[in-house]
Amino acid sequence: MEQRTGVVPPTPGVRLGLRENWAQFTLLVIVTASVGSLVGLERTTVPLLGTDVFGLTSNLAVFSFIVAFGLTKALTNLAAGALSARFRRRQLLLAGWLVGVPVPFVLAWGPSWWWILAANMLLGVNQGMTWSMTVNMKIDLVGPARRGLATGLNEAAGYVAVGTTALLTGYLAASHGLRPAPEAIGVFFVAAGFGLSLLVRDTSAHVALELSRMPPAQAPKERNPSFAAVFARTSWRDRSLRGASQAGLVNNLNDGLTWGVFPLLGGELFEDFPQRPALTSYLGRVVVGCVEQRLDLVVIQRAPARSRLVLHGVQDRVALVEDLLRRPPEPFQAGLNPPVRAVGPS
(Lines give C-alpha, C1' and ligand atoms only; values in the text may rest on other atoms or scores of the structure.)
Protein backbone atom coordinates (compact mmCIF):
# COMPACT_ATOMS: atom_id res chain seq x y z
CA MET A 1 0.00 0.00 0.00
CA GLU A 2 2.89 2.32 0.72
CA GLN A 3 4.17 1.87 -2.83
CA ARG A 4 0.82 2.76 -4.40
CA THR A 5 0.10 5.85 -2.40
CA GLY A 6 3.61 7.25 -2.46
CA VAL A 7 3.19 8.41 1.18
CA VAL A 8 5.47 7.14 3.93
CA PRO A 9 5.63 7.87 7.65
CA PRO A 10 8.03 10.64 8.75
CA THR A 11 11.61 9.36 8.67
CA PRO A 12 14.07 10.24 11.43
CA GLY A 13 16.80 12.58 10.16
CA VAL A 14 14.68 14.08 7.38
CA ARG A 15 14.56 17.88 7.51
CA LEU A 16 12.87 20.57 5.44
CA GLY A 17 14.73 23.55 4.06
CA LEU A 18 16.95 24.66 1.21
CA ARG A 19 20.14 24.67 3.27
CA GLU A 20 19.39 21.27 4.76
CA ASN A 21 18.76 19.70 1.33
CA TRP A 22 21.02 21.80 -0.88
CA ALA A 23 22.73 18.83 -2.57
CA GLN A 24 19.49 17.19 -3.71
CA PHE A 25 18.01 20.56 -4.60
CA THR A 26 21.02 21.44 -6.78
CA LEU A 27 20.82 18.06 -8.47
CA LEU A 28 17.15 18.68 -9.28
CA VAL A 29 17.99 22.12 -10.68
CA ILE A 30 20.44 20.48 -13.09
CA VAL A 31 17.81 17.89 -14.03
CA THR A 32 15.38 20.73 -14.76
CA ALA A 33 17.98 22.31 -17.01
CA SER A 34 18.12 19.04 -18.96
CA VAL A 35 14.32 19.08 -19.24
CA GLY A 36 14.40 22.61 -20.61
CA SER A 37 17.21 21.79 -23.00
CA LEU A 38 15.21 18.98 -24.57
CA VAL A 39 12.28 21.25 -25.39
CA GLY A 40 14.68 24.01 -26.48
CA LEU A 41 15.89 21.57 -29.11
CA GLU A 42 12.86 22.45 -31.25
CA ARG A 43 12.72 26.21 -30.91
CA THR A 44 14.83 27.11 -33.92
CA THR A 45 14.76 24.28 -36.45
CA VAL A 46 11.41 22.45 -36.39
CA PRO A 47 9.45 25.10 -38.40
CA LEU A 48 12.20 24.89 -41.02
CA LEU A 49 11.92 21.11 -41.10
CA GLY A 50 8.29 21.49 -42.05
CA THR A 51 8.91 23.95 -44.87
CA ASP A 52 12.35 23.06 -46.22
CA VAL A 53 12.60 19.32 -45.53
CA PHE A 54 9.00 18.10 -45.76
CA GLY A 55 7.67 20.74 -48.14
CA LEU A 56 4.74 22.01 -46.07
CA THR A 57 3.13 25.10 -47.56
CA SER A 58 0.42 25.71 -44.95
CA ASN A 59 1.15 27.82 -41.91
CA LEU A 60 -1.41 25.80 -39.96
CA ALA A 61 0.32 22.54 -40.86
CA VAL A 62 3.67 23.89 -39.70
CA PHE A 63 2.06 25.13 -36.50
CA SER A 64 0.57 21.68 -35.83
CA PHE A 65 3.67 20.44 -34.02
CA ILE A 66 3.10 23.02 -31.28
CA VAL A 67 -0.55 22.01 -31.00
CA ALA A 68 0.45 18.35 -30.66
CA PHE A 69 3.01 19.22 -28.00
CA GLY A 70 0.72 21.56 -26.07
CA LEU A 71 -2.28 19.26 -25.92
CA THR A 72 -0.21 16.26 -24.88
CA LYS A 73 1.66 18.23 -22.22
CA ALA A 74 -1.58 19.67 -20.83
CA LEU A 75 -3.18 16.24 -20.54
CA THR A 76 -0.01 14.83 -18.97
CA ASN A 77 0.08 17.65 -16.43
CA LEU A 78 -3.54 16.85 -15.64
CA ALA A 79 -2.73 13.19 -15.11
CA ALA A 80 0.49 13.83 -13.19
CA GLY A 81 -1.38 14.88 -10.06
CA ALA A 82 -3.39 11.68 -9.90
CA LEU A 83 -0.36 9.57 -10.77
CA SER A 84 1.73 11.17 -8.03
CA ALA A 85 -0.86 9.96 -5.52
CA ARG A 86 -0.32 6.38 -6.70
CA PHE A 87 3.40 6.33 -7.45
CA ARG A 88 6.53 7.97 -6.09
CA ARG A 89 7.67 11.21 -7.72
CA ARG A 90 11.03 9.70 -8.58
CA GLN A 91 9.33 6.84 -10.45
CA LEU A 92 7.33 9.31 -12.56
CA LEU A 93 10.45 11.38 -13.20
CA LEU A 94 12.32 8.36 -14.55
CA ALA A 95 9.29 7.26 -16.59
CA GLY A 96 9.13 10.71 -18.17
CA TRP A 97 12.75 10.48 -19.26
CA LEU A 98 12.20 7.04 -20.77
CA VAL A 99 9.30 8.41 -22.83
CA GLY A 100 11.59 11.17 -24.11
CA VAL A 101 14.36 8.83 -25.33
CA PRO A 102 13.09 8.57 -28.96
CA VAL A 103 12.55 12.33 -29.39
CA PRO A 104 15.99 13.49 -30.61
CA PHE A 105 16.34 10.46 -32.88
CA VAL A 106 12.96 11.03 -34.55
CA LEU A 107 13.62 14.76 -34.98
CA ALA A 108 17.00 14.05 -36.54
CA TRP A 109 16.03 11.17 -38.85
CA GLY A 110 12.21 10.97 -39.00
CA PRO A 111 11.08 10.26 -42.60
CA SER A 112 7.89 12.38 -42.59
CA TRP A 113 6.13 15.23 -40.82
CA TRP A 114 3.87 12.73 -39.06
CA TRP A 115 6.96 11.36 -37.33
CA ILE A 116 7.77 14.90 -36.16
CA LEU A 117 4.26 15.24 -34.76
CA ALA A 118 4.61 11.90 -32.97
CA ALA A 119 7.94 13.07 -31.50
CA ASN A 120 6.23 16.20 -30.21
CA MET A 121 3.55 14.12 -28.52
CA LEU A 122 6.28 12.11 -26.79
CA LEU A 123 8.00 15.37 -25.89
CA GLY A 124 4.75 16.64 -24.37
CA VAL A 125 4.51 13.55 -22.15
CA ASN A 126 8.18 13.90 -21.23
CA GLN A 127 7.83 17.57 -20.31
CA GLY A 128 4.58 17.05 -18.42
CA MET A 129 6.06 14.37 -16.22
CA THR A 130 9.65 15.52 -15.75
CA TRP A 131 9.02 19.27 -15.32
CA SER A 132 6.09 18.65 -12.97
CA MET A 133 8.01 16.17 -10.84
CA THR A 134 11.16 18.28 -10.55
CA VAL A 135 9.27 21.35 -9.36
CA ASN A 136 7.18 19.32 -6.92
CA MET A 137 10.25 17.56 -5.53
CA LYS A 138 11.96 20.90 -4.97
CA ILE A 139 8.89 22.16 -3.13
CA ASP A 140 8.88 18.98 -1.04
CA LEU A 141 12.50 19.52 -0.03
CA VAL A 142 12.26 23.16 1.04
CA GLY A 143 8.89 23.00 2.79
CA PRO A 144 6.12 25.61 2.89
CA ALA A 145 8.36 28.55 3.83
CA ARG A 146 10.39 28.49 0.61
CA ARG A 147 7.96 27.24 -2.03
CA GLY A 148 8.12 30.44 -4.05
CA LEU A 149 11.91 30.39 -4.12
CA ALA A 150 11.95 26.72 -5.15
CA THR A 151 9.51 27.36 -7.98
CA GLY A 152 11.43 30.41 -9.15
CA LEU A 153 14.73 28.57 -9.27
CA ASN A 154 13.06 25.70 -11.10
CA GLU A 155 11.57 27.96 -13.78
CA ALA A 156 14.76 29.98 -14.13
CA ALA A 157 16.87 26.86 -14.68
CA GLY A 158 14.40 25.41 -17.17
CA TYR A 159 13.88 28.50 -19.31
CA VAL A 160 17.52 29.56 -19.33
CA ALA A 161 18.24 26.08 -20.69
CA VAL A 162 15.46 26.47 -23.28
CA GLY A 163 16.95 29.74 -24.56
CA THR A 164 20.53 28.51 -24.48
CA THR A 165 19.68 25.38 -26.44
CA ALA A 166 17.69 27.39 -28.98
CA LEU A 167 20.76 29.56 -29.44
CA LEU A 168 22.99 26.53 -29.86
CA THR A 169 20.70 24.78 -32.34
CA GLY A 170 20.48 27.98 -34.38
CA TYR A 171 24.25 28.09 -34.59
CA LEU A 172 24.44 24.41 -35.56
CA ALA A 173 21.70 24.81 -38.17
CA ALA A 174 23.50 27.76 -39.74
CA SER A 175 26.84 25.98 -39.86
CA HIS A 176 25.97 22.28 -40.28
CA GLY A 177 22.49 22.16 -41.79
CA LEU A 178 19.03 21.49 -40.42
CA ARG A 179 19.58 17.80 -39.69
CA PRO A 180 20.93 15.86 -37.91
CA ALA A 181 23.43 17.97 -35.94
CA PRO A 182 21.01 20.38 -34.20
CA GLU A 183 18.70 17.59 -33.07
CA ALA A 184 21.34 14.98 -32.27
CA ILE A 185 22.61 16.98 -29.29
CA GLY A 186 19.32 16.04 -27.64
CA VAL A 187 20.73 12.57 -27.06
CA PHE A 188 23.13 14.12 -24.56
CA PHE A 189 20.30 15.96 -22.79
CA VAL A 190 18.21 12.79 -22.44
CA ALA A 191 21.19 10.77 -21.20
CA ALA A 192 22.17 13.49 -18.72
CA GLY A 193 18.63 13.95 -17.46
CA PHE A 194 17.96 10.25 -17.00
CA GLY A 195 21.37 9.55 -15.48
CA LEU A 196 21.09 12.38 -12.96
CA SER A 197 17.52 11.38 -12.12
CA LEU A 198 18.83 7.99 -11.06
CA LEU A 199 20.83 9.81 -8.37
CA VAL A 200 17.82 11.75 -7.11
CA ARG A 201 16.24 10.48 -3.89
CA ASP A 202 12.50 10.35 -3.56
CA THR A 203 10.87 13.07 -1.45
CA SER A 204 7.97 11.09 0.04
CA ALA A 205 9.49 11.34 3.52
CA HIS A 206 9.66 15.13 3.23
CA VAL A 207 5.98 15.25 2.23
CA ALA A 208 5.09 13.09 5.23
CA LEU A 209 7.10 15.35 7.54
CA GLU A 210 5.33 18.46 6.28
CA LEU A 211 1.92 16.82 6.65
CA SER A 212 2.72 15.73 10.20
CA ARG A 213 3.53 19.35 11.13
CA MET A 214 0.46 20.84 9.47
CA PRO A 215 -2.08 22.31 11.92
CA PRO A 216 -5.47 20.56 11.83
CA ALA A 217 -7.13 23.76 10.61
CA GLN A 218 -4.90 23.77 7.49
CA ALA A 219 -5.21 20.05 6.75
CA PRO A 220 -7.05 19.12 3.56
CA LYS A 221 -10.75 18.59 4.20
CA GLU A 222 -11.00 15.91 1.53
CA ARG A 223 -8.47 13.09 1.44
CA ASN A 224 -9.06 12.25 -2.22
CA PRO A 225 -11.11 15.02 -3.86
CA SER A 226 -12.74 14.26 -7.19
CA PHE A 227 -11.44 15.64 -10.47
CA ALA A 228 -14.52 17.87 -10.79
CA ALA A 229 -13.93 19.33 -7.33
CA VAL A 230 -10.27 20.06 -8.05
CA PHE A 231 -11.10 21.56 -11.45
CA ALA A 232 -13.77 23.82 -9.98
CA ARG A 233 -11.53 25.00 -7.16
CA THR A 234 -8.51 25.80 -9.34
CA SER A 235 -10.55 27.32 -12.18
CA TRP A 236 -12.87 29.75 -10.36
CA ARG A 237 -13.73 29.02 -6.72
CA ASP A 238 -10.31 29.73 -5.16
CA ARG A 239 -9.19 33.25 -6.09
CA SER A 240 -5.47 32.59 -5.68
CA LEU A 241 -5.51 29.36 -7.67
CA ARG A 242 -7.72 30.97 -10.31
CA GLY A 243 -5.22 33.80 -10.72
CA ALA A 244 -2.32 31.36 -10.95
CA SER A 245 -4.16 29.32 -13.58
CA GLN A 246 -4.95 32.39 -15.66
CA ALA A 247 -1.37 33.63 -15.40
CA GLY A 248 -0.10 30.22 -16.49
CA LEU A 249 -2.49 30.23 -19.45
CA VAL A 250 -1.29 33.65 -20.61
CA ASN A 251 2.36 32.73 -20.09
CA ASN A 252 2.09 29.53 -22.10
CA LEU A 253 0.03 31.25 -24.81
CA ASN A 254 2.78 33.85 -25.21
CA ASP A 255 5.37 31.10 -25.29
CA GLY A 256 3.50 29.17 -27.97
CA LEU A 257 2.98 32.25 -30.12
CA THR A 258 6.64 33.18 -29.84
CA TRP A 259 7.63 29.62 -30.68
CA GLY A 260 5.50 29.25 -33.80
CA VAL A 261 3.85 32.39 -35.10
CA PHE A 262 6.74 34.83 -34.92
CA PRO A 263 9.25 32.70 -36.88
CA LEU A 264 6.66 32.18 -39.60
CA LEU A 265 5.74 35.86 -39.63
CA GLY A 266 9.40 36.80 -39.78
CA GLY A 267 9.87 34.43 -42.70
CA GLU A 268 7.02 36.07 -44.63
CA LEU A 269 8.30 39.58 -44.03
CA PHE A 270 11.95 38.93 -44.86
CA GLU A 271 13.06 36.14 -47.15
CA ASP A 272 16.76 36.95 -46.85
CA PHE A 273 18.36 35.80 -43.63
CA PRO A 274 20.68 38.85 -43.22
CA GLN A 275 17.62 41.14 -42.95
CA ARG A 276 15.79 39.12 -40.33
CA PRO A 277 18.20 39.89 -37.43
CA ALA A 278 17.31 43.55 -37.81
CA LEU A 279 13.60 42.74 -37.42
CA THR A 280 14.10 40.58 -34.34
CA SER A 281 16.57 43.01 -32.78
CA TYR A 282 14.25 45.96 -33.38
CA LEU A 283 11.22 44.24 -31.87
CA GLY A 284 13.35 43.03 -28.99
CA ARG A 285 14.55 46.57 -28.33
CA VAL A 286 10.97 47.87 -28.33
CA VAL A 287 9.80 45.24 -25.85
CA VAL A 288 12.82 45.54 -23.57
CA GLY A 289 12.68 49.32 -23.74
CA CYS A 290 9.06 49.31 -22.62
CA VAL A 291 9.88 46.97 -19.76
CA GLU A 292 12.75 49.19 -18.68
CA GLN A 293 10.60 52.31 -18.78
CA ARG A 294 7.75 50.76 -16.79
CA LEU A 295 10.21 49.30 -14.29
CA ASP A 296 11.52 52.78 -13.59
CA LEU A 297 8.21 54.64 -13.51
CA VAL A 298 6.01 52.12 -11.73
CA VAL A 299 8.26 49.98 -9.57
CA ILE A 300 11.50 51.72 -8.69
CA GLN A 301 10.07 55.14 -7.87
CA ARG A 302 7.53 53.57 -5.49
CA ALA A 303 9.91 51.15 -3.82
CA PRO A 304 11.40 51.62 -0.33
CA ALA A 305 14.84 53.18 -0.29
CA ARG A 306 16.51 49.90 0.74
CA SER A 307 15.02 48.11 -2.27
CA ARG A 308 15.97 50.64 -4.92
CA LEU A 309 19.57 49.47 -5.24
CA VAL A 310 18.38 45.96 -6.07
CA LEU A 311 15.76 47.21 -8.52
CA HIS A 312 18.25 49.51 -10.22
CA GLY A 313 20.47 46.47 -10.62
CA VAL A 314 17.62 44.70 -12.36
CA GLN A 315 17.16 47.76 -14.60
CA ASP A 316 20.85 47.66 -15.51
CA ARG A 317 20.49 44.02 -16.58
CA VAL A 318 17.50 44.98 -18.75
CA ALA A 319 19.59 47.71 -20.37
CA LEU A 320 22.35 45.18 -21.02
CA VAL A 321 19.89 42.88 -22.79
CA GLU A 322 18.65 45.82 -24.84
CA ASP A 323 22.22 46.62 -25.92
CA LEU A 324 22.82 42.96 -26.86
CA LEU A 325 19.65 42.91 -28.95
CA ARG A 326 20.70 46.13 -30.70
CA ARG A 327 23.80 44.51 -32.20
CA PRO A 328 23.93 40.78 -31.42
CA PRO A 329 27.38 39.35 -32.17
CA GLU A 330 27.95 36.28 -34.30
CA PRO A 331 27.18 33.41 -33.84
CA PHE A 332 24.41 34.64 -31.54
CA GLN A 333 22.35 35.93 -34.47
CA ALA A 334 21.87 32.35 -35.63
CA GLY A 335 20.07 31.48 -32.42
CA LEU A 336 18.31 34.78 -31.82
CA ASN A 337 16.99 34.93 -35.38
CA PRO A 338 16.19 31.46 -36.76
CA PRO A 339 16.59 31.32 -40.56
CA VAL A 340 12.95 30.64 -41.45
CA ARG A 341 12.05 31.10 -45.11
CA ALA A 342 8.84 32.58 -46.43
CA VAL A 343 5.89 30.23 -46.05
CA GLY A 344 2.90 30.34 -48.39
CA PRO A 345 -0.59 31.19 -47.20
CA SER A 346 -2.80 28.52 -45.67
Side-chain angles (χ1 to χ4, degrees), residues 33-57 62-63 65-66 69 100-113 115-117 119-120 123 157-193 255 258-285 320-343:
S34 300
V35 177
S37 297
L38 190 59
V39 74
L41 202 67
E42 296 197 333
R43 292 297 170 119
T44 305
T45 60
V46 170
L48 263 181
L49 294 180
T51 56
D52 286 17
V53 176
F54 299 113
L56 300 180
T57 58
V62 176
F63 198 69
F65 80 95
I66 302 178
F69 169 81
V101 168
V103 171
F105 297 99
V106 176
L107 293 178
W109 292 285
S112 71
W113 184 247
W115 284 73
I116 304 301
L117 293 181
N120 274 269
L123 182 63
Y159 281 106
V160 166
V162 170
T164 303
T165 306
L167 191 71
L168 177 60
T169 54
Y171 177 86
L172 292 174
S175 57
H176 299 285
L178 289 175
R179 297 205 296 181
E183 295 80 14
I185 61 173
V187 177
F188 169 77
F189 300 140
V190 172
D255 187 46
T258 303
W259 187 357
V261 172
F262 182 72
L264 295 178
L265 177 63
E268 292 176 350
L269 292 176
F270 294 99
E271 296 186 9
D272 297 326
F273 171 65
Q275 292 177 307
R276 224 174 347 268
L279 172 67
T280 304
S281 297
Y282 175 74
L283 293 178
R285 288 170 59 193
L320 180 62
V321 173
E322 181 183 12
D323 184 64
L324 176 63
L325 289 172
R326 184 180 293 114
R327 288 179 296 180
E330 293 289 351
F332 293 97
Q333 289 183 358
L336 290 172
N337 310 280
V340 182
R341 294 193 321 177
V343 180

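Only heavy atoms go into these numbers, but all of them, side chains included; no hydrogens, no water, no symmetry mates.
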Could you tell me the separation between the [atom1] atom of [X] and the [atom2] atom of [Y], rounded to the nearest 0.5 Å?
X	Y	atom1	atom2	answer
L56	L48	CG	CG	11.5 Å
F54	I116	CZ	CD1	4.5 Å
F65	L123	CZ	CG	10.5 Å

List, one per line, each side-chain donor-acceptor pair under 3.5 Å for residues 176-193, sequence neighbours excluded.
{"residue": "R179", "atom": "NE", "partner": "A108", "partner atom": "O", "Å": "3.4"}
{"residue": "R179", "atom": "NH1", "partner": "L107", "partner atom": "O", "Å": "3.2"}
{"residue": "R179", "atom": "NH1", "partner": "G110", "partner atom": "O", "Å": "3.0"}
{"residue": "R179", "atom": "NH2", "partner": "G110", "partner atom": "O", "Å": "3.2"}
{"residue": "E183", "atom": "OE2", "partner": "T45", "partner atom": "OG1", "Å": "3.2"}

Does any non-hydrogen side-chain atom of V35 lie less than 4.5 Å from one of V39? no
Looking at W115, I want to see if its CH2 is surrounded by more than 12 non-hydrogen atoms of other residues, nucleotides or ligands under 6.0 Å. no
Residues which pass side chain to side chain donor-acceptor pair (under 3.5 Å) with T165, listed by chain and number, not counting sequence neighbours: S37
After noting the C-alpha distance and the side-chain angles of T169 and R43, does the key distance pass the side-chain contact (heavy atoms from CB on, under 4.5 Å) rule? CA-CA 8 Å; T169 54; R43 292 297 170 119; 5.8 Å; no
Minimal non-hydrogen separation, V162 against G36, with atom names: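 Residues V162 and G36, closest heavy atoms: CG2-O, 3.2 Å.
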